[in-house]
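I'd like to ask some things about the structure below.
A note on names: the letters A, B, ... follow the listed sequences, proteins ahead of strands, and every chain is numbered from 1.
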Number of protein chains: 2
Amino acid sequence: MTGETPLRADAQRKRVQILAAAEDVFRERGARVSLDEVAKRAGVGIGTLYRRFPTREDLLAATYSARFVAFAETSRTRSPHLDPSDALRCYLEELIQYSNLYRGFAASLGTVLQIGTPGCRATLGEGARLLDIAQKAGAVRPDVIFDDLICVATAISLATEQDSSPRPRIVHLVNVFLNGIGMQPNPNPPSQAPNMA
Amino acid sequence: MTGETPLRADAQRKRVQILAAAEDVFRERGARVSLDEVAKRAGVGIGTLYRRFPTREDLLAATYSARFVAFAETSRTRSPHLDPSDALRCYLEELIQYSNLYRGFAASLGTVLQIGTPGCRATLGEGARLLDIAQKAGAVRPDVIFDDLICVATAISLATEQDSSPRPRIVHLVNVFLNGIGMQPNPNPPSQAPNMA
DNA sequence: TTGCTAAGTGGAGAATACCTCCATATAGAA
DNA sequence: TTCTATATGGAGGTATTCTCCACTTAGCAA
């Protein structure tokens with residue numbers, strides 16, 4: 001990812017411009033906005049954008065990378081203070097809320113997470129870690145795999161991305177699903193709204 | 001839906017041609033194929049297609065309608081012979097398999113079901129009925145609503161639509177989810193592969 | 001049969017988006 | 001200062017969606 005020939009200074013500068021513009025435009029107009037618009041906002045040619053980010057998912061993964069790094073870090077710091085079920089619950093709720101940050105992002109969540117940015121790797125790693133802990137603690141059925149979590153996170157994101165205040169429904173659906181993988185529902189969950197930097 | 005001014009005979013004929021072509025093309029090339037291609041295959045102008053089916057979802061709902069009618073009928077006939085949990089389990093597994101009939105259909109499942117074709121109405125009605133029975137029997141948590149089922153059916157369809165033989169994963173995920181809404185997992189489920197007419 | 005007209009038709013073309021290609025420009029090493 | 005690998009921008013080819021309207025026709029009424 002970062003191990004290749006370093007970018008020339010001007011290219012690096014434009015890369016940053018593109019990411020800043022993409023963040024703004026995706027927030028305003030959703031994740032499916034025309035990439036021409038992103039390039040225009042960034043003040044670069046469309047060719048430059050494509051050279052740096054060959055697919056929309058690459059661009060999405062890059063705009064999410066820093067957020068995902070912070071998200072994984074927060075989760076990792078918090079988890080020792082929670083029981084395994086609650087740690088996994090918080091992780092999922094927050095992941096879903098993050099993926100609702102850009103309208104239309106949810107459908108790409110799985111694809112984006114497969115792109116090897118540091119943030120995506122950290123997020124996948126942290127989720128797998130929490131699942132493993134929860135399974136070893138006997139709180140989650142052993143036949144569940146991490147992909148199942150992503151599958152359901154995607155579904156819940158999709159189902160709630162139109163809602164004006166999706167939080168309660170997210171909490172409900174996560175609860176239902178976690179019950180499905182073996183947990184007792186928690187009537188008083190410790191979940192907090194993520195900062196959404 | 002059908003209560004409006006009846007179509008002129010020629011229009012009705014073309015409508016049938018369009019549906020037959022759409023069925024073929026969607027099966028071969030997936031639900032996101034260009035609608036020009038459907039029109040060409042049907043031997044009608046693109047304008048005619050749009051006049052009859054203003055959105056892609058209208059066309060999808062229409063191609064699915066007969067199948068959904070049969071699906072709901074089968075479920076209704078079978079359900080008295082099963083316990084409420086198994087009836088709901090079969091319904092969900094089959095709904096997911098049906099929605100994998102065209103590649104790329106899964107993402108539209110929710111939208112399509114909202115379109116008032118007889119098949120969609122029958123399918124929604126049957127699902128709501130089975131959920132209600134299962135809840136009254138105490139087999140499913142009372143806080144689950146039918147939309148939750150659609151949300152999860154969509155997720156499972158999406159997650160499995162790339163798989164070459166998705167059946168085992170569908171069964172696994174449905175099982176996990178139904179466990180989530182309160183059911184005991186059934187080690188020996190009575191589910192059968194739908195006919196997929 | 002013969003108009004008549006509401007209903008239907010097809011496809012050109014405007015609008016939008018994707019993505020490639022390459023003549024040109026430039027950072028930065030030597 | 002020179003040189004060249006790297007980077008740039010945007011024109012333009014391709015694809016798709018969807019509208020619009022001049023033309024056609026089914027089917028009714030006389």
Side-chain angles (χ1 to χ4, degrees), chain A residues 1-22 24-26 28-63 102-105 107-108 111-112 115, chain B residues 1-22 24-26 28-63 102-105 107-108 111-112 115:
Chain A
M1 185 87 254
T2 53
E4 289 130 38
T5 325
L7 290 181
R8 228 168 64 176
D10 54 341
Q12 175 56 32
R13 222 151 38 225
K14 302 225 163 184
R15 184 175 186 282
V16 170
Q17 283 169 238
I18 291 169
L19 285 176
D24 288 353
V25 176
F26 286 150
E28 285 169 23
R29 317 264 320 265
R32 302 195 172 182
V33 74
S34 154
L35 295 183
D36 277 303
E37 192 142 342
V38 173
K40 194 174 290 177
R41 185 81 68 105
V44 307
I46 186 67
T48 302
L49 187 151
Y50 274 99
R51 158 176 282 251
R52 213 51 67 207
F53 304 101
T55 70
R56 181 182 298 271
E57 283 72 30
D58 288 317
L59 182 54
L60 286 168
T63 61
Y102 307 155
R103 254 170 312 131
F105 178 80
S108 312
T111 310
V112 167
I115 294 175
Chain B
M1 187 84 253
T2 51
E4 289 131 40
T5 325
L7 290 180
R8 228 167 64 175
D10 56 340
Q12 175 56 33
R13 222 152 36 226
K14 301 222 163 182
R15 185 176 185 280
V16 170
Q17 282 168 238
I18 292 169
L19 285 177
D24 289 352
V25 177
F26 286 149
E28 285 169 24
R29 318 262 322 263
R32 302 195 171 181
V33 74
S34 155
L35 294 182
D36 275 304
E37 192 142 340
V38 174
K40 194 174 288 177
R41 184 81 69 105
V44 306
I46 186 68
T48 301
L49 188 150
Y50 273 99
R51 156 177 283 252
R52 213 51 69 208
F53 304 101
T55 71
R56 183 182 297 269
E57 282 72 30
D58 288 316
L59 182 55
L60 286 168
T63 61
Y102 307 154
R103 253 169 313 130
F105 178 80
S108 312
T111 310
V112 167
I115 294 175

Response to the item:
Double-helix bend of the helix from C:dT1-D:dA30 to C:dA30-D:dT1, axes at both ends from 5 pairs, round to 10°, gives 0°
Worksheet entry | Non-hydrogen atoms of B:Gly104 and B:Ser108 that approach each other most closely | O-OG, 4.4 Å
Discussion item. From OH of A:Tyr50 over to P of C:dT20, roughly how many Å is that when rounded to an integer?
Written reply: 8 Å
Worksheet item: Is A:Arg13 touching bases, backbone alone, or none of the nucleic acid, heavy atoms closer than 4.0 Å?
Response: nothing
Discussion item. Run the side-chain hydrogen bond (donor to acceptor under 3.5 Å, both in side chains) test against B:Asp36 and tell me which residues pass, sequence neighbours left out.
Written reply: none
Worksheet entry | Outermost DNA chain D nucleotides near chain A [under 4.0 Å, heavy atoms] | D:dA5 to D:dA11
Worksheet item: Who passes side-chain hydrogen bond (donor to acceptor under 3.5 Å, both in side chains) against A:Arg56, sequence neighbours left out?
Response: none
Item to complete: Could you tell me the separation between the CG atom of A:Asp36 and the P atom of C:dA15, rounded to a whole number of Å?
Response: 16 Å
Worksheet item: Between B:Pro54 and A:Ile46, who's closer to the 5' end of DNA chain D by nearest nucleotide?
Response: A:Ile46
Discussion item. Checking A:Asp10 now: which residues fulfil salt bridge (Lys or Arg N to Asp or Glu O under 4.0 Å) with it, not counting sequence neighbours?
Written reply: A:Arg8
Below 3.5 Å, can you tabulate the donor-acceptor pairs from side chains in residues 42-52 of chain B to any protein atom, sequence neighbours excluded?
none

Worksheet item: Under 3.5 Å, side chain of A:Asp58 to main-chain N/O of A:Thr55, donor-acceptor pair present?
Response: yes
Item to complete: Can you tell me which residue pairs pass the salt bridge (charged side-chain N to carboxylate O under 4.0 Å, His left out) test with a partner in residues 38-50 of chain B, sequence neighbours excluded?
Response: B:Glu28-B:Arg41
Is there any protein nitrogen or oxygen under 3.5 Å from a nitrogen or oxygen in nucleotides 5-8 of chain C, and what are the pairs?
residue: C:dA7; atom: N3; partner: B:Arg8; partner atom: NH1; Å: 2.9
residue: C:dG8; atom: OP1; partner: B:Arg8; partner atom: N; Å: 3.3

Discussion item. Tell me the interatomic distance from B:Leu35, atom CG, to C:dG10, atom C1', rounded to whole angstroms.
Written reply: 16 Å
Discussion item. So, using salt bridge (Lys or Arg N to Asp or Glu O under 4.0 Å) as the criterion, who are the partners of A:Arg13 when residues are at least two apart?
Written reply: none
Item to complete: Applying salt bridge (Lys or Arg N to Asp or Glu O under 4.0 Å), name anything that partners B:Arg32, two or more places apart in sequence or on another chain.
Response: none
Discussion item. Run the side-chain contact (heavy atoms from CB on, under 4.5 Å) test against B:Phe105 and tell me which residues pass, sequence neighbours left out.
Written reply: B:Ala31, B:Leu60, B:Tyr64, B:Ser99, B:Tyr102, B:Leu109, B:Val112
Discussion item. Heavy-atom nearest nucleotide on DNA chain D for B:Glu37 versus A:Val44: which residue maps closer to 5'?
Written reply: A:Val44
Practice prompt. Applying side-chain hydrogen bond (donor to acceptor under 3.5 Å, both in side chains), name anything that partners B:Gln12, two or more places apart in sequence or on another chain.
Written response: none
